[in-house]
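Predicted, not measured: the structure shown is a model, and the values here were computed from it.
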Amino acid sequence: MKSFIQLCLVFVVAFSQNINASTSITVKQSITAQESLTLLYEQSPRLVQVIQDSLLNSDQLAIKQQPKAIYWLSAGLYDSKTAVQFQQKQQKILNSLKTQYADMGHPQNISALKTLSSWVHKSHFIKREFIPLDFDTIRLKKALNPLLAGKYLLTLPTKPDYVLVLGAVEKNGPLPFKANQQATAYIDLAMPINDSENSFAWLIQPDGKVERYPIAYWNQHHIDIAPGAIIYLNFQGVRDNEPELNSAILELLRHWVR
């Protein structure tokens, strides 16, 4: 079925299977989805054309009989040629996390580092293009409608029901999303370790926007947390290299392929 879908799209968009395409777009509902579409273009297309062509065939991506609406806030366009580069960054972070707990006498910290390492190991990262993908938004603004040349992955996910809490917590991973819930509530459920930042956390919204989220009793300020967002709590107080490690992880998380 997958090859039939790809064949249909090659004829619709590029008119031939044997063309020397300048741009190739793989469209999936999520990185783990088996179904995919392949869009090939002889000339560099505008982003709006790619989105339009994807929407025309989006029913082929649905796993269930009743397709769900696309959650545009976490839709992502990823530059496939950076896959190896980001695998190297991922491995470097995994090596750093292992080094952190190899000779550490802090059980809480070891638990946090191991569960974070497990999540990072199972995840995929590719350079994300931080541009809006909602069709109605980009078709009205030329500045948001660039030409695309190369090889890309486009994910069009449905709305998730979780928020990820990662970093200096014992239970790194997803928690059920609750509307208007504060970051501190999610962090408490994930069990923050003693050696963690206690003044603020980092909030990565599903579109990749990063916000500093106050969590201390004296500076609490509500910021809406969208479904599928990531809350990252810094490691602090044990190793001198923690600021560098926190920054590297935070940047990697912005390029997480959902």
- Item | Pairs touching residues 130-148 that satisfy salt bridge (charged side-chain N to carboxylate O under 4.0 Å, His left out), sequence neighbours left out | D136-R139
- Message: If the condition is side chain to side chain donor-acceptor pair (under 3.5 Å), which residues does Q91 pass it with, not counting sequence neighbours?
- Response: N95
- Item | Partners passing side chain to side chain donor-acceptor pair (under 3.5 Å) against E211 (at least two apart in sequence or in another chain) | Q205
- Message: If the condition is ring-ring contact (aromatic ring centres under 6.0 Å, His included), which residues does Y162 pass it with, not counting sequence neighbours?
- Response: none
- Note on the structure: residues 155-181 vs salt bridge (charged side-chain N to carboxylate O under 4.0 Å, His left out), sequence neighbours excluded, gives none
- Task: With sequence neighbours excluded, tell me which residues meet side chain to side chain donor-acceptor pair (under 3.5 Å) with S96.
- Result: none
- Message: Going by the rule side chain to side chain donor-acceptor pair (under 3.5 Å), which residues pair with H121 if we only count those two or more places apart in sequence or in a different chain?
- Response: none
- Query: Which pairs with one or both residues in residues 74-91 pass salt bridge (charged side-chain N to carboxylate O under 4.0 Å, His left out), sequence neighbours excluded?
  - Reply: D79-K81
- Query: Listed by chain and number, what are the ring-ring contact (aromatic ring centres under 6.0 Å, His included) partners of W72, not counting sequence neighbours?
  - Reply: none
- Query: Which residues pass the ring-ring contact (aromatic ring centres under 6.0 Å, His included) test with Y213, sequence neighbours left out?
  - Reply: none
- Message: Using a 4.5 Å cut-off between side-chain heavy atoms of Ile, Leu, Val, Met, Phe, Trp and Tyr, which other residues end up in the same hydrophobic cluster as Y71?
- Response: L73
- Note on the structure: ring-ring contact (aromatic ring centres under 6.0 Å, His included) filter on Y186, not counting sequence neighbours, yields none
